[in-house]
Protein chains: 2
Amino acid sequence: MKNERVTVIDIAKAAGVSKSTVSLVLQGSPLVNDGTRAKVTAVMRELGYVYNRGAANLRQSGAKSKILGVVVNDLTNGFFAELAVGVDMVVQSAGFVQFLSNTSESLDRQSEVIASMREHGISGLILSPARATTAADLKPIVASGIPVVVVVRNVPGARVSSLVSDNQQGTFAGVQHLVSLGHRQIAFLGGFNDTAVFEDRLHGYRAAIAACGLEPADALIIPSAPSRAGGVDAVGRALATDIKPTAAVCFNDAVAFGVCDGLRAKGLEPGKDFAVVGFDDVIEAKTAVPALTTISVDPQAMGRRAAQLLLKQINAGKAEAESIISSVRLVVRSSCGATDADPSVKVETGL
Amino acid sequence: MKNERVTVIDIAKAAGVSKSTVSLVLQGSPLVNDGTRAKVTAVMRELGYVYNRGAANLRQSGAKSKILGVVVNDLTNGFFAELAVGVDMVVQSAGFVQFLSNTSESLDRQSEVIASMREHGISGLILSPARATTAADLKPIVASGIPVVVVVRNVPGARVSSLVSDNQQGTFAGVQHLVSLGHRQIAFLGGFNDTAVFEDRLHGYRAAIAACGLEPADALIIPSAPSRAGGVDAVGRALATDIKPTAAVCFNDAVAFGVCDGLRAKGLEPGKDFAVVGFDDVIEAKTAVPALTTISVDPQAMGRRAAQLLLKQINAGKAEAESIISSVRLVVRSSCGATDADPSVKVETGL
DNA sequence: GCTATTAATTGGAACGTTCCAATTAAGTCA
DNA sequence: TGACTTAATTGGAACGTTCCAATTAATAGC
């Protein structure tokens, strides 16, 4: 019956050794004779043995799986796909496998996937929280001692490590740059206004408006879904205001791409008729036309960093929660209309 | 010690019942008195009990986890993110959780993540294979009886269910449409030429070129990475040929977006100066400017269908491998230059 | 050949949970 | 009150693997 699970008992019988010897081979123990090891290994291959991690974890002292959970709030945003790719680069070489789950901004779904991951004994969790996630939502996993790293969106009050970008500095630098290009009516487009990331990025925008002596205008702050479609929507509304902005700092790159789409739909050329600055520096920012001026978070680097932080905690057994604010960089490309700007010139804004 | 695992023994002691009663409560058995059930449930909540799925699977007859593995070859392509979202819609309501892993086209990584998923006892697998995957690579999991559904890329000879789009019909219809708009020099851009999907889509392209009495030109078949950046590259090379194509059917939407980018970079306007047809109909196809004419696969619908097919097999215990060729539709929008085309008119090309 | 040491292998119990037969408790009826 | 039936709970063994002390095998030295 090919569907019956092959166990160490089956391997032991077929190889003419004890189950304990099979276990030693599985553990790569030096206590096994090479000939015996080769025989057992061959039998495992022949019989198609598949390790039962759940059984092993039961007996193994301090056992943990080689799985790291990664939970993101919106997988259709390329930023999170790239974040996951960055995580994979680091965890792979540490012998871990990433299991990625998407919550589509649902708190219920988030709880469900985290619970399922815990049932299976994940060694750690990287979480980009769904909207409205509070410290209370994270309390059970925190109490369990499983290392958690929160990325992108902070969860105030949660005793977990966090890695977020320097949102305020980023939008501050974006506005400053647009002002240096001569813009005076600058919009802030996109983002769900009930998230900490939105507040931070808006705060930096406002601070720069004030620091540059410009008149703040609430009509130029237009929230929308943080997606490409949301960007089309937001720029349409911005252009319908009496103020007539000539430039915008966008909540993220997806919104910025949508803003460029929305401008073209109105016969305007992004970069020439309207200056666009994004936030993230996803892969497509460089290849888009016009190439996107953006605040570079570099999602893959962020993923790598989050993974390193998590592995550090796993290896330390238990560590103090660390809060890291990842520096960001203004990357000047064509979309802001800096036609004589050298795209390779990068203005450092962080540490 | 808050990090010690809470077990059914601990719950039993704290609730003043036996471990068997705790187990019955966990199983939702009707054999337990309501008062006892409430007491045990309360103690579980207080002590933060987390089920040990690995232990349960050990004893439980025919036990399988509530996890479905989903393995994709390129998560940075929005198509796969949407596929995963579609899978989630279906598996969620069936009480399953999707664990998604990305192989970045690596066969080694693919084997590793599949092995890890099997260790943890997945109930089924949806796989978009990495390049060069053969039936031999799938033989072990097939032999184990775990239900597998291969999507997007077929693996000839593998005795698994598959769900692929009607690639030949799709590109055939795309070329026909461009011919009906008056184009005679039509390129085929993008895709890795060592994949079955590429062969199918190219075959449809060639068949339509022949059926419309056009002169085939190998110089107009330009493979590239199936990404946006690959599209920029491919259209650059197409425009550098002596033939000077006026239109292209693209391997997928990501390539098509890149082709539009590449046209703009050369001062050409997609839809007006050059007709572009994509393949997939990802979310962004509709909102892009120009809105993308494309062969609609609808990745979310595909994900839903794959999940339904997999759940059907799981619930049937064992089923015959099914091969489904999902019909595709030509969706005419602006990128092909059909300026008087009504975007809501959809030309049905499938069953 | 005998003794001591090292190498290799083994048997039994543990891990958390489930299952099932056995036991106990509760309710009903005469 | 006792007998019978139903409801509720329980104890022990099983599941696949690991760990560790015990046992066996092999080797070296005299």
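Reminder, nothing fancy here: chain letters follow the sequence lines and each chain counts from 1.
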For the side chain of K19(B), counting heavy atoms from C-beta on, which of dT17(D), dT18(C), dT9(D) is nearest? dT18(C)
Whole-Å distance separating the CG atom of D10(B) from the P atom of dC15(C): 11 Å
Among the nucleotides dG16(C), dT10(C), dT17(D), whichever has the atom closest to the side chain of N52(A) is dT17(D)
Output yes when a side-chain donor or acceptor of Q110(B) lies under 3.5 Å from a complementary backbone atom of A130(B), and no otherwise. yes
Please tell me if S23(A) has a side-chain N or O lying less than 4.0 Å from either OP1 or OP2 of dT18(D). yes
Indicate, yes or no, whether a donor-acceptor pair under 3.5 Å links the base of dT18(C) to the side chain of R59(B). yes
Which class fits the ring pair H120(A) and F99(B): parallel under 30°, tilted 30 to 60°, perpendicular over 60°? perpendicular
Quick one: CD1 on I67(A) to OG on S101(B), what's the gap to the nearest 0.5 Å? 9.0 Å
Roughly how many Å is it from CG in L31(B) to P in dA25(C), rounded to a whole number? 18 Å
Give L24(B) one of three labels, base, sugar-phosphate or nothing, depending on what nucleic acid heavy atoms sit under 4.0 Å from its own. base
With DNA chain C as reference, determine whether I9(B) or N33(A) sits nearer its 5' end, using the nearest nucleotide of each. N33(A)
Is a donor-acceptor contact shorter than 3.5 angstrom present between the side chain of S18(B) and the base of dG11(D)? no
Remember a base hit wins even if backbone is also touched, and classify V32(A) as base, sugar-phosphate or nothing at under 4.0 Å, heavy atoms. sugar-phosphate
If we only count heavy atoms from C-beta on, is the V152(B) to F80(B) side-chain gap below 4.5 Å? yes
Rounded to whole Å, CZ of R53(A) lies from C1' of dT18(D) at a distance of 12 Å
Roughly how bent is the helix from dG1(C)-dC30(D) to dA30(C)-dT1(D) end to end, in steps of 10 degrees, with each end axis from five pairs? 40°
Rounded off to whole Å, could you give me the CE-to-P distance for the M44(B) and dT17(C) pair? 10 Å
Answer with yes or no whether the side chains of D108(B) and S111(B) bring together a donor and an acceptor at under 3.5 Å. no
Which nucleotide, dA8(C), dT10(C), dT17(C), lies nearest any side-chain atom of Y49(B)? dT17(C)
Sugar-phosphate, base or nothing in reach of T7(A), heavy atoms under 4.0 Å: sugar-phosphate
Whole angstroms only, please: what is the CG-P distance between N57(B) and dC19(C)? 11 Å
Atom-to-atom span, CG of L58(A) to P of dA13(D) - whole angstrom: 18 Å
Are Q60(B) and dT17(C) close enough that a side-chain N or O sits under 4.0 Å from OP1 or OP2? no
Taken to the nearest whole Å, CD1/I11(A) to P/dG16(D) is 12 Å
Provide, to the nearest angstrom, the distance between the CZ atom belonging to R37(B) and the P atom belonging to dA7(D). 15 Å
Looking at dT9(C), I'd like to know if its phosphate oxygens (OP1 or OP2) sit under 4.0 Å from a side-chain N or O belonging to T36(A). yes
Any salt bridge linking E105(A) with R153(A)? Criterion: basic side-chain nitrogen under 4.0 Å from a carboxylate oxygen. yes
Counting only side-chain nitrogens and oxygens, does T21(A) get under 4.0 Å of the OP1 or OP2 atom of dT10(C)? yes
Does the pair K66(A)/E119(B) count as a salt bridge with the N-to-O cut at 4.0 Å? no
Do the charged groups of R109(B) and D88(A) touch, with an N to O distance under 4.0 Å? yes
What does V17(A) touch in the nucleic acid at a heavy-atom separation under 4.0 angstrom: a base, only the sugar-phosphate, or nothing? sugar-phosphate
